Visitor: 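One structure, as structure tokens, below. Some questions next.
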Amino acid sequence: MFEKLFRKKEPDSQLISVIEYPKNYTFETYFKIETGLWKRTDLITICEKNTGESNLNNLILKHLNYSKCVKEKNIDFKEMYENYKKLTSHSSIKKQMKDSKSVQIFRNDQHIIFTPTKNGGTSGHNRGYTEIAERKIIIDKNSENLASCLLMGFKECE
């Protein structure tokens with residue numbers, strides 16, 4: 001009992017990803033489960049690419065605020081994945097990966113970190129999105145230029 005009372009609280013952190021397709025952006029929210037792993041949810045927003053920077057800033061903050069720690073046994077992630085496919089009209093991983101770039105956005109108690117990725121497709125040793133750690137963009141958590149960092153992140157994707 002005392003362990004729980006005096007245990008050092010883990011700092012809050014949030015994770016989202018923004019996927020750029022030829023015609024739109026898809027904002028995805030992740031939940032952190034008890035094991036420390038992050039799982040994609042069906043909390044998504046799809047917006048046209050011609051949306052303004054102000055709207056992009058708002059969407060980044062909105063989705064970061066949705067991200068939270070959860071107990072996996074209380075969340076049906078399989079159902080969320082099925083909902084995700086319906087909402088995005090991407091019925092397969094192959095369709096989700098085609099012609100896309102992804103930037104992960106992580107927020108902790110001090111920083112917001114934009115991490116570009118390499119799209120490795122759906123097969124082979126390098127499949128999926130792989131972080132390009134040396135191209136991270138790190139800003140203060142209270143910074144207001146989120147959209148410009150996101151757009152710079154997309155330019156760093158492969």
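All figures in this text were calculated on a predicted structure; none of them were measured in a lab.
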Visitor: How long is the straight-line distance from CD1 of Ile60 back to CD of Glu53, given to the nearest 0.5 Å?
Guide: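 That separation rounds to 9.5 Å.
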Visitor: May I have the step-by-step check of side chain to side chain contact (heavy atoms under 4.5 Å, CB included) for Val70 and Ile33, ending in yes or no?
Guide: CA-CA 5 Å; Val70 298; Ile33 58 174; 4.1 Å; yes
Visitor: Any side-chain heavy atom of His111 within less than 4.5 Å of one from Lys141?
Guide: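 His111 vs Lys141: side chains apart.
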Visitor: Assess whether side chain to side chain contact (heavy atoms under 4.5 Å, CB included) is satisfied between Thr45 and His63, documenting all intermediate values.
Guide: CA-CA 9 Å; Thr45 300; His63 282 273; 2.7 Å; yes
Visitor: How many angstroms lie between SG in Cys149 and CG in Leu56, if you round to the nearest 0.5 Å?
Guide: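 Interatomic distance, Cys149 SG to Leu56 CG, rounded to 0.5 Å: 12.0 Å.
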Visitor: How close do Tyr66 and Thr29 get, counting heavy atoms only, and between which atoms?
Guide: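 Scanning both residues, the minimum pair turns out to be CB-CG2, 3.6 Å.
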Visitor: What I'd like to find out is whether the side chain of Phe114 reaches to under 4.5 Å of the side chain of Met152, using heavy atoms alone.
Guide: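 No, too far: nothing below the 4.5 Å cut-off.
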Visitor: Using a 3.5 Å cut-off and no angle test, enumerate the donor-acceptor pairs between side-chain atoms of residues 16-26 and protein atoms at least two apart in sequence or in another chain.
Guide:
| residue | atom | partner | partner atom | Å |
| --- | --- | --- | --- | --- |
| Ser17 | OG | Glu28 | OE1 | 2.5 |
| Glu20 | OE2 | Lys49 | NZ | 2.9 |
| Tyr21 | OH | Gln96 | O | 2.8 |

Visitor: Any chance you could measure Asn119, atom CG, to Cys157, atom SG, to the nearest 0.5 Å?
Guide: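 Asn119 CG to Cys157 SG: 9.0 Å, rounded to 0.5 Å.
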Visitor: Considering only heavy atoms from C-beta outward, does the side chain of Ile113 approach that of Thr115 to under 4.5 Å?
Guide: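 Yes, close enough: below the 4.5 Å cut-off.
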Visitor: Would Leu61 end up clustered with Ile46 when hydrophobic side chains under 4.5 Å apart are linked, directly or stepwise?
Guide: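 Cluster IDs for Leu61 and Ile46 differ.
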Visitor: Give a yes or no answer on whether the side chain of Ser148 reaches the backbone of Asn145 with a donor-acceptor pair at less than 3.5 Å.
Guide: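 Checked: pair present.
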Visitor: How many angstroms lie between CZ in Phe106 and NZ in Lys136, if you round to the nearest 0.5 Å?
Guide: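 If I round to the nearest 0.5 Å, the distance is 9.0 Å.
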Visitor: Which atom pair, heavy atoms only, marks the closest approach of Glu144 to Asn57?
Guide: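 Shortest heavy-atom contact: O-ND2, 3.4 Å.
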Visitor: Any heavy-atom pair between the side chains of Leu59 and Cys47 that's under 4.5 Å?
Guide: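 Yes; the side chains approach each other to less than 4.5 Å.
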Visitor: Counting distance only, does the side-chain N/O of Asn55 pair as donor-acceptor with the main-chain N or O of Thr51 below 3.5 Å?
Guide: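 Answer holds: no.
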Visitor: Going by an N to O cut-off under 4.0 Å, is there a salt bridge joining Arg135 and Glu158?
Guide: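 Yes.
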Visitor: From Ile105 CD1 over to Leu146 CG, what is the distance, rounded to the nearest 0.5 angstrom?
Guide: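 Interatomic distance, Ile105 CD1 to Leu146 CG, rounded to 0.5 Å: 7.5 Å.
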Visitor: Taking the side chain as everything from C-beta on, heavy atoms only, tell me whether Pro116 gets closer than 4.5 Å to Phe154.
Guide: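 Not touching, per the 4.5 Å side-chain cut-off.
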Visitor: How long is the straight-line distance from CG of Leu37 back to NZ of Lys32, given to the nearest 0.5 Å?
Guide: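 If I round to the nearest 0.5 Å, the distance is 9.5 Å.
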Visitor: Out of curiosity, does Met97 fall in the hydrophobic cluster containing Ile44 (side-chain heavy atoms, cut-off under 4.5 Å, transitive links)?
Guide: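 Yes.
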Visitor: Do Trp38 and Ser13 have side chains that get closer than 4.5 Å, going by heavy atoms?
Guide: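 Result yes, sub-4.5 Å side-chain heavy-atom pair found.
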Visitor: Is there a side-chain contact between Phe27 and Leu64 (heavy atoms, below 4.5 Å)?
Guide: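 Counting from C-beta outward, Phe27 and Leu64 never come under 4.5 Å.
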Visitor: Any idea which heavy atoms bring Gly153 and Ile137 closest together, and the distance?
Guide: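 In terms of heavy atoms, the two residues are closest at N-CD1, 3.7 Å.
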Visitor: Just so I know, are the side chains of Lys155 and Val103 near enough to count as touching, which here means a heavy-atom distance under 4.5 Å?
Guide: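 Answer no - side chains too far apart.
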Visitor: Show me the donor-acceptor pairs within less than 3.5 Å that the side chains of residues 121-133 make with the rest of the protein, sequence neighbours left out.
Guide:
| residue | atom | partner | partner atom | Å |
| --- | --- | --- | --- | --- |
| Arg127 | NH1 | Gly124 | O | 3.1 |
| Tyr129 | OH | Ser100 | OG | 2.5 |

